[in-house]
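For the single chain, residues carry numbers from 1 onward in sequence order. Everything numeric in this text was worked out from a predicted model, so none of it was measured. Reckoned from all heavy atoms, side chains included, excluding hydrogens, waters and symmetry mates.
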Amino acid sequence: MEVVNASGMADAGDRIAEILRNRGFEVAGVTNTANAYKNTVVISNTTDSRVVNRLSSLPFKYSLQVTKDEGKTIDAVVVVGKDYTGK
């Protein structure tokens, strides 16, 4: 799993990564982007129900997008948007 911080808050990506790790996800990395997102999005690159079910109950506000992209080496990407409050 990757985390992309597009919230404008310096530590939001690291906070989300910590939440994910505490829930048993392997986080490959956290990057920042200047391209701000209004809302947080979790993108599943697989339709595998085991992965999608785990992504369906994260403890922060987000929308879940499920795609089938077998070219991706990671199962999911979390794009942290401006709606992330850090709580």
side-chain contact (heavy atoms from CB on, under 4.5 Å) evaluation trace for Leu20 with Asn22:
CA-CA 5 Å; Leu20 294 169; Asn22 288 340; over 6 Å; no
Stepwise side-chain hydrogen bond (donor to acceptor under 3.5 Å, both in side chains) check, Asp83 with Thr40: CA-CA 6 Å; Asp83 63 341; Thr40 300; 2.8 Å; yes
Could you give me the CA-CA distance, side-chain angles and deciding distance for Asn32 and Asn5, then say whether side-chain hydrogen bond (donor to acceptor under 3.5 Å, both in side chains) is met? CA-CA 5 Å; Asn32 293 300; Asn5 183 7; 3.0 Å; yes
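Listed here is the closest heavy atom pair of Arg54 and Leu58: O-CD2, 4.0 Å. Among all heavy-atom pairs drawn from Met1 and Phe25, the shortest one is CE-CD2, 3.5 Å. Closest heavy-atom contact between Ala76 and Leu55: CB-CD1, 3.8 Å. Of all the heavy atoms in Val80 and Gly13, the pair that sits closest is CG2-CA, 4.4 Å. Between Arg23 and Ser57, the shortest heavy-atom distance links the atoms NH1-O, 3.2 Å. Between Ser7 and Ala12, the closest heavy-atom pair is OG-CB, 3.3 Å.
Within the 4.5 Å cutoff, the side chain of Val3 has no heavy atoms near those of the Thr31 side chain. Taking the side chain as every heavy atom from C-beta outward, Asn45 and Ile74 approach each other to under 4.5 Å. Within the 4.5 Å cutoff, the side chain of Leu64 has heavy atoms near those of the Ser56 side chain. Between Glu2 and Val78 there is no side-chain heavy-atom pair separated by less than 4.5 Å.
Judged as a salt bridge (charged side-chain N to carboxylate O under 4.0 Å, His left out), and not counting sequence neighbours, the contacts of Lys68 are Glu70. With sequence neighbours left out, Ser63 forms a side chain to side chain contact (heavy atoms under 4.5 Å, CB included) with Val41. Taking Asp14 as the reference, nothing meets the side-chain hydrogen bond (donor to acceptor under 3.5 Å, both in side chains) condition, with sequence neighbours excluded. For Asn39, there are no side-chain hydrogen bond (donor to acceptor under 3.5 Å, both in side chains) partners, not counting sequence neighbours. Qualifying side chain to side chain contact (heavy atoms under 4.5 Å, CB included) partners for Tyr37, counting only residues two or more places apart in sequence or in other chains: Ala6, Val79. With sequence neighbours left out, Tyr62 forms a ring-ring contact (aromatic ring centres under 6.0 Å, His included) with Phe60.
Expressed to the nearest 0.5 Å, how far CD1 of Ile16 lies from CZ of Arg21 amounts to 12.0 Å. Atom-to-atom distance recorded for Arg15:CZ and Met9:CE is 6.5 Å, nearest 0.5 angstrom.
Of the possible polar contacts, none joining the Thr33 side chain to the Val4 backbone as a donor-acceptor pair under 3.5 Å is found.
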